[in-house]
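Here is the structure we will look at, set down as structure tokens.
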There are 2 protein chains.
Amino acid sequence: MAMLRAAKHAMRSLGSTAPEAAPFSRMLHASPGSKKIVGVFYKANEYASLNPKFVGCVEGSLGIRDWLESQGHQYIVTDDKEGPNCELEKHIHDMHVLITTPFHPAYVTAERIKRAKNLQLLLTAGIGSDHIDLKAAAESGLTVAEVTGSNVVSVAEDELMRILILVRNFVPGYLQVIKGDWNVAGIAYRAYDLEGKTVGTVGAGRIGKLLLQRLKPFNCNLLYHDRIKIEPALENEIGAKFEEDLDAMLPKCDIIVINTPLTEKTRGMFNKERIGKLKKGVLIVNNARGAIMDTQAVADACSSGHIAGYSGDVWNPQPAPKDHPWRYMPNQAMTPHISGTTIDGQLRYAAGVKDMLDCYFKGQEFPAQNYIVKEGKLASQYL
Amino acid sequence: MAMLRAAKHAMRSLGSTAPEAAPFSRMLHASPGSKKIVGVFYKANEYASLNPKFVGCVEGSLGIRDWLESQGHQYIVTDDKEGPNCELEKHIHDMHVLITTPFHPAYVTAERIKRAKNLQLLLTAGIGSDHIDLKAAAESGLTVAEVTGSNVVSVAEDELMRILILVRNFVPGYLQVIKGDWNVAGIAYRAYDLEGKTVGTVGAGRIGKLLLQRLKPFNCNLLYHDRIKIEPALENEIGAKFEEDLDAMLPKCDIIVINTPLTEKTRGMFNKERIGKLKKGVLIVNNARGAIMDTQAVADACSSGHIAGYSGDVWNPQPAPKDHPWRYMPNQAMTPHISGTTIDGQLRYAAGVKDMLDCYFKGQEFPAQNYIVKEGKLASQYL
């Protein structure tokens, strides 16, 4: 496989004496020798020791430290990713591989890419690589890959939980309990069954399909919008209806779930105007990306009651600042970015990262569906 | 249909001049003439006017006031049900029908039944009549009936929500958001996928079956214990395994859901000893009845971590007092009793109560599955 950055890097290095210089080979992922691999994960502190399977944190380091070091590679792991003096900045100039996650995203800007002269590979431990400037990465010849499929079940399950939390008005009930109250009416006046409601998903890729399958026994009216139709057999099994025109689908929905990646097309897609056309009292679940929504427009619509409930685990930016309006808007059921980082999900994406590193060291291809940027080209869902 | 209390009452009244006296007839539900019907519901106050479909509260009065009064009946509705001076007590001596709900239960004791000399019919708006002393009701010749099926979907959906809330560790995530925090690790270290876990339901009646059907696409290992096996076709469709021996099933479960009525056999069923035999880290969902659990044993096991999460909407007693230990135990996701009183559920059980009152006035049978006590006998699930 050709790797433009490796090629460019190798050609740049031909005349230098830098130890990482290597002869250009179109067949090699990595140039030979010791690599410097940097991982940016969330820190677990006191939680790290509570579960031996907790590999997704700084302390767990994806469980690949011994394996990497036994092969002579250097493995730096940190959660310190912001500002000119952060730990990540110290390694930008000489790292070969950067592993990041959507849960505690290290924003890989064009400027950082420019300074990362040895960088060849950007791996996302999880799914969703929009914290990386993909255009800059493509232009610079980098390979970007994620562990496609690693946590799609985790996210789909979490979406169904959030649908039910909003439909059933769970949060005010829980808050009554911990405050010592008991007021059934204050919950029941806006609690509904999911059965019989119209649920539409914006995007029916891997996660959207899994969600629709899990919704099937709830006897809802299921709609989906995507660039491409679901294969007929599966569509028939699920009983979901394809809606070619997004803006025709949205006003039909009692519940809208966002299952589309963040791209230049989807950024700010749910602005004031589009939200204004939704059914009054609509419920929205968004575990995709916070920037797909206009932050203030969502907060305003929750305050006015036009949106009757909003739940998700994605924010813009992340971590969400203390004054983020979604923390304080009414009828929200938000969490930090957690849906894809269950213990089961962590074990799968840690294994996927290890497999890709192994391919990289051996000059082998990654699984085709994992590539986000390959040979200067973006994967189709990011176009 | 014979109604012992109507008969006894009529015979008692034969020599009296009481206006409610009526000739005895085995064919009549109600003696002719105006009836005094009392309903005990939760009060909605400021929430009453927010939703025209909110019929389950005192203010909504099941939406049957005009219908009852147009036929010359008296309809008293209150939420005031406790103590010697409460509103309910004023009507005990001369009411003919008492409508109660599990959400704000009026406890119908043997002593109250003894004083309710005109009482013929006890209707539960919803499902679950254990707030009534059923033995005393049977001995006294009363008919007890509920709106079987009215909110089984509501409860089953809510159970699946609670399973996911516990498995995914939702509540600590939400609390971080409203407190201005962001600590993914503090949630993720004990968040899991539902996929692949073993879920067992104690009871697979109407609600248990609906839950199992909704769990099917989650690819769990599904177990159930009941007095009777699910019909083979449905069992095969769901893929759940029958466990004849409860205590053999329970230690296999990662997640246990309680779907059995409160009876003398199930009261206190989950005591310290039985909880001690469960898998360490088990999650428990109980929307059935609080008294099936030993309150303190659950609180202690949540504190020790033996139970890793407990969620439900039923308490003993209800409303739960401010110092109920389940309000303060770790890893709880409790709410007041709401799962069966969604707006959709309310509309169904209000319609069911109206239908039964209509049958009662006309001397017709109720739907067979609605009877809890009929002609001095308890329905099979309460034996």
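Chain identifiers are assigned alphabetically (A, B, ...) following the order of the sequence lines, protein sequences preceding nucleic acid strands; residue numbering begins at 1 within each chain. Note that the coordinates shown come from a computational prediction; the quantities given were computed from them, not determined experimentally.
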- For B:Tyr349 and B:Thr101, does a side-chain donor sit closer than 3.5 Å to a side-chain acceptor? no
- Under 4.5 Å from a heavy atom of chain B, the part of A:Phe54 involved: side chain
- Task: Apply the test ring-ring contact (aromatic ring centres under 6.0 Å, His included) to residues A:His337 and A:Trp315: give CA-CA distance (whole Å), side-chain angles for both, the deciding distance (0.1 Å), then the verdict.
- Result: CA-CA 8 Å; A:His337 196 166; A:Trp315 306 69; over 10 Å; no
- Message: Please tell me whether B:Asn286 and B:Tyr310 have a donor and an acceptor in their side chains that are separated by less than 3.5 angstrom.
- Response: yes
- Can you tell me if B:Glu159 uses its side chain to pair, donor with acceptor, with the backbone of B:Val257 under 3.5 Å? no
- Message: Under 3.5 Å, is there a donor on one side chain and an acceptor on the other for A:Glu235 and A:Tyr224?
- Response: yes
- Task: Output the option from A:Thr341, A:Val184, A:Ile163 having the highest count of non-hydrogen pairs under 4.5 Å with chain B.
- Result: A:Val184
- Message: Applying salt bridge (charged side-chain N to carboxylate O under 4.0 Å, His left out), can you list everything that pairs with A:Lys43, at least two apart in sequence or on another chain?
- Response: none
- May I ask you to check whether A:Arg348 and A:Ser154 show a side-chain donor-acceptor distance below 3.5 Å? yes
- Message: Quick check on A:Leu215 against chain B: is it the side chain, the backbone, both or neither that has a heavy atom closer than 4.5 Å?
- Response: neither
- Is the charged tip of A:Arg214 near the ring of B:Phe218: under 6.0 Å from the six-membered ring centre and within 45° of its axis? yes
- Query: Among A:Leu160, A:Asn51, A:Val177, A:Asp193, which residue forms the greatest number of heavy-atom pairs with chain B at distances under 4.5 Å?
  - Reply: A:Asp193
- Query: Checking A:Val171 against chain B: side chain, backbone, both or neither under 4.5 Å from a heavy atom?
  - Reply: side chain
- Message: Looking at A:Arg162 and A:Asp158, is there a salt bridge between them, counting it only when a charged N and a carboxylate O are closer than 4.0 Å?
- Response: yes
- Query: Is any side-chain N of the basic residue among A:Asp181 and B:Arg327 closer than 4.0 Å to the acidic one's carboxylate O?
  - Reply: no
- Task: Establish, from distance only, whether the side-chain atoms of B:Asn259 and B:Arg206 form a donor-acceptor pair under 3.5 Å.
- Result: no
- Query: Relative to chain A, which segment of B:Ile165 carries a heavy atom at a distance below 4.5 Å: side chain, backbone, both, or neither?
  - Reply: both
- Task: Just give me the residue among A:Ala156, A:Ala191, A:Ser339 that pairs up with chain B most often, heavy atom to heavy atom, under 4.5 Å.
- Result: A:Ala191
- Query: Which bit of B:Leu210 is near chain A, if near means a heavy-atom gap under 4.5 Å: side chain, backbone, both or neither?
  - Reply: neither
- Per-residue contact mode, A:Asn45 against chain B (heavy atom under 4.5 angstrom): neither
- Non-hydrogen atoms of chain B under 4.5 Å away: do they reach the side chain of A:Leu194, the backbone, both or neither? both
- Between chain B and each of A:Glu157, A:Met161, A:Lys322, count heavy-atom pairs under 4.5 Å; write down the option with the most. A:Glu157
- Item | chain B contacts, top residue of A:Ala48, A:Gly56, A:Gly173 (heavy-atom pairs, under 4.5 Å) | A:Gly173
- Item | Side chain / backbone / both / neither for A:Gln346 at chain B, heavy atoms under 4.5 Å | side chain
- Message: So for B:Phe41, is it side chain, backbone, both, or neither that comes closer than 4.5 Å to the heavy atoms of chain A?
- Response: neither
- Message: Shorter than 4.5 Å, heavy atoms on both sides: which option in A:Ala188, A:Ser311, A:Ala44, A:Ala333 has the most such pairs with chain B?
- Response: A:Ala188
- Honestly, the part of B:Tyr42 sitting under 4.5 Å from a heavy atom of chain A is side chain
- Message: Using heavy-atom distances under 4.5 Å, tell me whether B:Asn151 contacts chain A through its side chain, its backbone, both, or neither.
- Response: neither
